[in-house]
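Single-structure report; data block below.
Just so it is clear: chains get the letters A, B, ... in the order the sequence lines come, proteins before strands, and each one is counted from 1.
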Amino acid sequence: MQIPIETALGERLGKAFEAQGLPATLGATARSTRPDLAPYQCNGAMAAAKQAGKPPREIAQAVADAVSGDPLIESVEIAGPGFINLTPSAKALEDRANALAEDDRAGARIVDEARTVVIDFGGPNVAKPMHVGHLRSSIIGDSLQRLFRFRGDQVIGDVHLGDWGLQMGQIITELAREKPDLPYFDKDFEGPYPDESPVTIEELETIYPRASQACKANEARMDEARMATQALQEGRPGYIALWRHFLEVSKAALKRDFAALDVHFDLWKGESDVQDRIRPMVADLVERDIATEDKGAIVIPVAREDDKKELPPFILLKSDGAALYTTTDLATILDRSETLNPDLILYVVDKRQSLHFEQVFRAAAKSGFAEDISFEHLAYGTMNGPDGKPFKTRAGGVLKLADLLDRAHRRAVARMEEAGIASDMEKAEYEAVADKVALAAIKFADLSHDRATDYIFDLDRFMTFEGKTGPYLLYAAVRVKSLMRKAEDAGVEPGEIRIKEKAEADLLYALDAFDRASATAYEKRAPNFLCDHAYTLAQAFSGFYSACPIVTAEDAETRASRLALAQLTLTQLNLVLGLIGLEAPDRM
RNA sequence: GCGCCGGUAGCUCAGUUGGAUAGAGCACCAGACUACGAAUCUGGGGGUCGGGGGUUCGAAUCCUCCCCGGCGCGCCA
């Protein structure tokens, strides 16, 4: 059987519903909320009662009669107002188990039609260090790109660097004040400009906050930054040369940060990559009367009559003529449409920008150059500190990502020492394990929460290694790996799977749910369903592991069967861990 | 003011088209290791699902009003 048990049951019941002139979708079957009664249930008869004009139990009875005797089904019972309780046959379980064991995808199917999907996530800014605010976008976006790829889509992950806005002008003017003798500020300088950046990434990271604060405090200073931004966008050679240096040193630092997270991108594009498209795009939109002038700015009105709220116009060019992130976002859509031809673009961006994306999507629709593309803003909530307020350092500043990872690493080491884990390892392996544990704690905690809601980041709790945490999942995987080594030493080989014990059946049910979990996570763009599945699976395995001896089982067939089950679990666990961006070490 | 999101066990959070007795982890209580790795497993107590009203055979879920919290609302990103 190559499809999940619940899917197979659903199809059988669907036919029975159809035979009564009812929609096949009513046959939808899922794991039971009353496992004491049966493993699976179908609620379709109750939903059908209204349209069929018959009592639900009568419909349920007809369905039950139609499917009883099916080799897939051990028993079918009707309960309450019309629940159909189903127990699959032992043969169905074993067929499915052996099919799963032979499948290198461990039961997860792929989409019927592959699409080209751009995922826009990460979104770091030049000159600003990655901080905790970038963590969610990076982790969620990465999990989604892994998941979409796994489901068969062609995925293009783009980091979409913030490298072309006002912050560049702020930094340029700040540096001009601090180091006015640099050739970049001399209008008469004829080059060539130095190859080396005049500032290191560390210096850049301190310049930006100074610049930002100065501009916020002083209107004239802000105007200076605006003018510099515009000059940069118009191509002033000194500014461009300087900006390239900023870009270069920033990218190097960002790549280190993303590598530490084990997050990777297909494209390292940014706002500036569409600079050449901006003028022609604006001219075209004005030409076609889609964009108009309003209070000195060029805008696209995006409000509609039936809007509940007042939607401000989409600003394409500021009254001083400079482009802003709205401009580059729209131009980026045009660019992606022409160069990548995607079916879908996903934006993994903070939920506070939902109004902005509403505007961008409407502007894109009015512009008419993205008619075949679907857009979704996958908004996520804020990461808060234990006090429930946005995460800050003790001093009240923003915590740099690198510092957060370092803190998590030290915490992992402390916990490992406490538990006496991996004490026999060489330093390098030990450190690598601690890194994996730290990342597992952070990523699992983030992904297991609902994407849209805020959540409390509490490293102590994520790092407890007990219960529903990333480290527990790594432990579960490592324990299976250890078991496989033991089996090999003992000469046990995996064989035909037989389901005899309750713990074996429970493990199989958990394994069989992988397809459903990955499909739901995919459809809802919600990695927390993957996390739930990973945890349920790890727990089911632990139950099986403690209830059913494997290498030490009495007869050879049982050993072979249980080892195959363990092997299958490991395969699936590795897959699902991979989808949430985790990797289990071989031992720990 | 308008709009969006949230309010579920002491704490942190799940809950797929409305379905049976609302779940999980932590914490708490009681058990299980001379070990296929106890970072584990088995069992237990604990909830007027923010409040009222409505639709329905049936509501955490749908509609409506109210309370509380977070966020957003034209030239920052």
Side-chain angles (χ1 to χ4, degrees), chain A residues 25 28 30 32-34 36-37 41 43 46-47 49-50 55-56 79-83 85 123 125 162 165-167 170 212 215-216 222 226 271 294-299 307-320 322 324-326 349-356 358-359 379 381-382 384 388-389 415-416 418-419 421 437 445 448-450 452-456 458 461 464-469 471-472 474-476 478-479 482-483 485-487 490 492 516 519-520 523-524 526 528-529 531-532 535-536 539 542-543 545-547 549-553 562-563 566 587-588:
Chain A
T25 51
S32 177
T33 54
R34 290 288 305 273
D36 53 317
L37 299 179
Q41 69 181 108
N43 302 334
M46 291 173 291
K50 270 173 211 151
F83 296 99
N85 290 327
N125 292 313
L166 180 63
Q167 81 272 23
Q170 291 179 332
S212 171
C215 290
K216 214 178 265 179
M222 183 66 101
R226 289 197 183 107
E271 297 171 334
D294 186 2
K295 294 175 187 167
I298 306 292
V299 306
D307 281 339
K308 281 184 171 178
K309 66 192 168 195
E310 198 179 331
L311 219 68
F314 179 82
I315 296 175
L316 211 48
L317 288 184
K318 300 199 291 182
S319 44
D320 67 5
L324 48 150
Y325 75 121
T326 52
V349 182
D350 192 297
K351 68 178 177 185
R352 283 173 292 197
Q353 294 198 40
S354 55
L355 178 61
H356 164 68
E358 178 75 43
Q359 291 181 292
T382 317
N384 292 334
K389 296 187 177 153
R415 299 293 315 195
M416 283 161 65
E418 221 173 277
I421 288 164
V437 168
S448 61
H449 288 88
D450 181 84
T453 60
D454 298 345
Y455 82 102
I456 293 182
D458 184 344
R461 196 152 44 76
T464 54
F465 296 23
E466 278 159 17
K468 198 171 178 179
T469 65
Y472 167 84
L474 297 192
Y475 166 74
V478 166
R479 203 165 50 163
S482 171
L483 174 67
R485 286 192 293 268
K486 278 262 159 49
V492 180
R516 172 57 164 270
T520 303
E523 281 153 18
K524 299 171 72 111
N528 61 307
F529 285 90
C531 293
D532 276 353
Y535 185 67
T536 309
Q539 259 191 330
S542 284
Y545 181 85
S546 65
I550 298 156
V551 178
T552 56
R562 288 177 180 170
L563 187 64
R587 58 196 196 110
M588 60 192 257

Presence of donor-acceptor pair under 3.5 Å, side chain of Ser354(A) and base of G72(B): no
State whether the side chain of Gln167(A) and the backbone N or O of Gly162(A) hold a donor-acceptor pair below 3.5 Å, judged by distance alone. yes
Residues in side chain to side chain contact (heavy atoms under 4.5 Å, CB included) with Arg461(A), at least two apart? Asp458(A)
If the condition is side chain to side chain contact (heavy atoms under 4.5 Å, CB included), which residues does Ala490(A) pass it with, not counting sequence neighbours? Val492(A), Val551(A)
Looking only at atom P, what distance separates C75(B) and C62(B), rounded to whole Å? 35 Å
Expressed in whole Å, how much space separates the P atoms belonging to G25(B) and C41(B)? 8 Å
For Tyr455(A), what residues pass the side chain to side chain donor-acceptor pair (under 3.5 Å) criterion, not counting sequence neighbours? Asp446(A)
Say you pick atom C1' in A20(B) and the same atom in G6(B); how far apart are they, in whole Å? 29 Å
Can you find a donor-acceptor N/O pair under 3.5 angstrom joining the side chain of Asn85(A) to the base of A20(B)? yes
Taking for Gly162(A) and for Ala79(A) the nucleotide of RNA chain B with the nearest heavy atom, the one nearer the 5' end belongs to Ala79(A)
Answer yes or no: side-chain N or O of Asp294(A) and base N or O of G74(B) forming a donor-acceptor pair under 3.5 Å. yes
Partners passing side chain to side chain donor-acceptor pair (under 3.5 Å) against Gln539(A) (at least two apart in sequence or in another chain): Tyr535(A)
Both distances below 3.5 Å, Watson-Crick or wobble geometry, any strand: find the nucleotide opposite G3(B). C71(B)
Distance between P atoms of C5(B) and A24(B) (Å, rounded): 29 Å
Under the side chain to side chain donor-acceptor pair (under 3.5 Å) rule, collect the residues that match up with Lys468(A), sequence neighbours excluded. Asp532(A)
Under 3.5 Å on both distances, the Watson-Crick or G-U partner of U17(B): none
Nucleic acid footprint by protein, nucleotides 38-49 of chain B - heavy-atom cut-off 4.0 Å, B for base, S for sugar-phosphate alone: SBSS--------
Any residue meeting side chain to side chain contact (heavy atoms under 4.5 Å, CB included) with Ala476(A), in chain and number order, not counting sequence neighbours: Ala538(A), Leu573(A)
Verify the contact: side-chain N or O of Lys318(A) to OP1 or OP2 of C76(B), cut-off strictly under 4.0 Å; return yes or no. yes
Measuring only between side-chain heavy atoms, which start at C-beta, is Met588(A) closer than 4.5 Å to Val437(A)? yes
Each nucleotide N or O in nucleotides 30-35 of chain B that has a protein N or O under 3.5 Å away: list the pair and distance.
none

As its Watson-Crick or G-U partner within any shown strand, both distances under 3.5 Å, A32(B) has U40(B)
Quote, to the nearest angstrom, the P distance that separates A22(B) from G31(B). 29 Å
Of all residues at least two apart in sequence or in a different chain, which pass the ring-ring contact (aromatic ring centres under 6.0 Å, His included) check with Tyr325(A)? His356(A)
B/S/- contact track for nucleotides 12-19 of chain B, protein heavy atom under 4.0 Å: SSSSB--B
Partners passing side chain to side chain contact (heavy atoms under 4.5 Å, CB included) against Ala553(A) (at least two apart in sequence or in another chain): Thr558(A), Arg559(A), Arg562(A)
Phosphate oxygens OP1/OP2 of G74(B): is one of them under 4.0 Å from a side-chain N or O of Lys295(A)? no
Scan Glu358(A) against the nucleic acid and name what it touches under 4.0 Å (heavy atoms): base, sugar-phosphate only, or nothing. nothing
Can you tell me the base-pairing partner of A22(B)? Count Watson-Crick or G-U wobble geometry only, both distances below 3.5 Å, and say none if there is no partner. none
Contacts of Asn43(A) meeting side chain to side chain donor-acceptor pair (under 3.5 Å) (sequence neighbours excluded), chain-then-number -> Gln41(A)
Check whether any side-chain nitrogen or oxygen of Arg226(A) sits under 4.0 Å from OP1 or OP2 of C76(B), and answer yes or no. yes
Rounding to the closest angstrom, what is the interatomic distance between G19(B) and G58(B) at atom C1'? 7 Å
